[in-house]
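As the structure is a computational prediction, the values presented were derived from the model and not from experiment. Convention: sequence-line order gives letters A, B, ...; per-chain numbering from 1.
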Number of protein chains: 2
Amino acid sequence: MQHKTLGRRPGSPATREAILGAARKAFGAAGFERATIREIAQRAKVDPALVLHYFGSKDGLFSAAMALPIDPQQFAARILADGIEGAGVRLAHAFLALWEEPRLAGQVRGILRAAVSHESAAASLRAFIEGQVVGSVAGYLGEDARLRAELAGSHLVGLAFARYILRAEPLASAPLDEIVALVGPALQGYFSGAAQGGPQ
Amino acid sequence: MQHKTLGRRPGSPATREAILGAARKAFGAAGFERATIREIAQRAKVDPALVLHYFGSKDGLFSAAMALPIDPQQFAARILADGIEGAGVRLAHAFLALWEEPRLAGQVRGILRAAVSHESAAASLRAFIEGQVVGSVAGYLGEDARLRAELAGSHLVGLAFARYILRAEPLASAPLDEIVALVGPALQGYFSGAAQGGPQ
DNA sequence: CCGCTAATTCAACGTTTGTAGAATTAGGCC
DNA sequence: GGCCTAATTCTACAAACGTTGAATTAGCGG
C-alpha cells in the first residue's frame, strides 16, 4: 500500500520549472562548463542545493533541461507530407524556425554547445540523430539515403552555428526568407539526387 | 643600445613547440574549459609555470596554439584558379583535407570547439571569416556573393562538426571521395547561382 | 671565472566549483 | 493539533583550477 498522498505534495510546480528555465538560459548562453549551478540557482531565486535535490547532479540538470522539445518522427512527416518536391525549402524553414523561437532558442543553442564540448552530450545527440532523425527520413529516400540525410542535416547545423552562435555577417542579419530561398535548393539536391543550381 | 645577444639565448626551440603541440592536442580533444594547463604541461614534460612564462595566460596560450595554419587568400586562389566550374568539388576536397591531416586535426578541431564555447574565440573566428575568407571569395562572385559564400562555408563547418566532432554514422565512416562527390554540387549551387563578377 | 640573462622549477595562494549532510520550514492527512 | 513527507535552506568540505613570486639552473659573452 503506497500512501503516496501522505505528507507534503512533491514536485512543486513553479520552482522546478523556474530552475529548468534558468538552466536553459544559462547553458545556452555560456555552455555546460561555464554555466554554474550557483548562477542558475540565483536566477531561479532558490538555493543551489535545491537544484541538486531535484536533479541529482549538474549532468542530471543538463539532461533534464536539454531534453529535445520536438518529435523528429512528426517533424519529418510534416516536412515530407506534401511530397519530395519543395521539401528542401520546407525543411530549411522549419529548422530555422526552431532557432528563431525565443522559448526554444536557449535550448537548442545549449544542445549544440554541449554536443561540442561534452562527450556524453555528443553521444546523446549522436544516438538521437542516428536513430531518430535519419531513420525518420530514410524511408522516403533511396539507396545512400542515410548519408544524404546526414549531409543535409550537417548543412543545417552549420547554418545554425554560423548564424546564431558565431553570428557572422551578413548571414546573421540576413532575412529568414532569403536564407531559406538559397538553402532550400541545396538541401533539395540531397533529396532529389540531382546536382542542384541556385534559384532559377 | 640593446645588447640582445647577452646572456642565455631566448626561445628554446624544442620546449616551446612541445608546449604548443600538447596544447593543440588538449584543446582539440577537450575544448578550452576542460583542457588544463597542468595537463598540457605534463604532456610536454615541463612545469605548469613554464607554460605561463611563455604565453602569459591560458588565453594567450590558446591564441598562440590556435593561430590559423592556412592563408585564406592563397586557399581561395587555389580553389578558383581553374575557373568556377568544379570549384565546389575542389573546395569540399581541400577543406576536408585540412581535417584529415593529423598535424592539423587537433588545431582545427580546437578552433571550432573554442568558437562555440568562448566568446573571444568566436569573435576572433568571426572577424577572420568576415574579413579574410569571405573577402577572398567575394571578388569572384557578384551581388549577394558574401551571403552565398557564408552559406557554403556554413555547410562545410557543419559537415566537419558532424563527421569529426559528433562522429555521426554513416557520415563519420564514409569514404572521403563519396562525401566530396555529394557535397561538391551543393556548394557549386551557391557559386553558380550568383551573378558572375570575375576577380577584381 | 664571473656576471648577465633567460629557461626552468618549486611551493604556495586565493578563488571557484560541484556536491554532501544536517537542519529547518511548510503543506496535507488523520 | 500532531505526524509524515518533501520542499527548502544553511554550512561546509574537498578538490581542481589559474596564477604568482621567489629560487634555482644553465648557457653564453667578457
* Asked: Stepwise, does the side-chain contact (heavy atoms from CB on, under 4.5 Å) test hold for A:V108 with A:Y164?
  -> CA-CA 10 Å; A:V108 288; A:Y164 298 105; over 6 Å; no
[X] vs [N]: side-chain N/O to OP1/OP2 distance below 4.0 Å:
{"X": "A:T15", "N": "D:dT8", "result": "yes"}
{"X": "B:H53", "N": "C:dA6", "result": "no"}
{"X": "A:S57", "N": "C:dG18", "result": "no"}
{"X": "B:Y54", "N": "C:dT8", "result": "yes"}

* Of the candidate nucleotides C:dC10, D:dA7, C:dT19, which contains the atom at the shortest distance from the side chain of A:L52? ->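 Ranking C:dC10, D:dA7, C:dT19 by closest atom to the A:L52 side chain puts C:dT19 first.
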* Return the nearest nucleotide to the side chain of B:A49; candidates are D:dG18, C:dT9, C:dT19. =>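 When the side chain of B:A49 is considered, C:dT9 is the closest of D:dG18, C:dT9, C:dT19.
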* To do: Identify, between A:D59 and B:P48, the residue whose nearest nucleotide on DNA chain C lies closer to the 5' end.
  =>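 Nearest-nucleotide comparison on DNA chain C picks B:P48.
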* Given the rule in the salt bridge (charged side-chain N to carboxylate O under 4.0 Å, His left out) test, do A:R163 and A:E100 qualify, once you have shown the distances and angles that lead to the verdict? -> CA-CA 11 Å; A:R163 178 174 164 95; A:E100 297 282 341; 3.1 Å; yes
Whole angstrom value for the distance that separates [atom2] of [N] from [atom1] of [X]:
{"X": "A:I40", "N": "C:dG18", "atom1": "CD1", "atom2": "C1'", "answer": "12 Å"}
{"X": "B:E39", "N": "D:dC17", "atom1": "CD", "atom2": "P", "answer": "9 Å"}
{"X": "A:F62", "N": "C:dG18", "atom1": "CZ", "atom2": "P", "answer": "14 Å"}
{"X": "B:K58", "N": "D:dT20", "atom1": "NZ", "atom2": "P", "answer": "14 Å"}
{"X": "A:L61", "N": "C:dT19", "atom1": "CG", "atom2": "C1'", "answer": "13 Å"}
{"X": "B:E33", "N": "D:dC17", "atom1": "CD", "atom2": "C1'", "answer": "12 Å"}
{"X": "A:Q42", "N": "C:dT16", "atom1": "CD", "atom2": "P", "answer": "13 Å"}
{"X": "A:D47", "N": "C:dT24", "atom1": "CG", "atom2": "P", "answer": "15 Å"}

* Asked: Base, sugar-phosphate alone, or nothing: which one does A:A35 contact when heavy atoms must sit under 4.0 Å apart?
  ->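 It contacts sugar-phosphate atoms only.
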* Hey, does A:L50 reach any base, or is it just sugar-phosphate, or nothing, if we go heavy atoms under 4.0 Å? ->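 Base contact - A:L50 has a heavy atom under 4.0 Å of at least one base atom.
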* Asked: Are more than 12 heavy atoms from other residues, nucleotides or ligands located less than 6.0 Å from atom CD of A:Q42?
  ->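 Open.
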* Asked: So, for B:F62 and B:F27, is the gap between ring centers shorter than 6.0 Å?
  ->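 Judged by ring-centre distance (under 6.0 Å), B:F62 and B:F27 do meet the cut-off.
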* Indicate the ring-plane relationship of A:H155 and B:H155, choosing parallel, tilted or perpendicular according to the 30° and 60° boundaries. =>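 Judged by the thresholds at 30° and 60°, the geometry between A:H155 and B:H155 is parallel.
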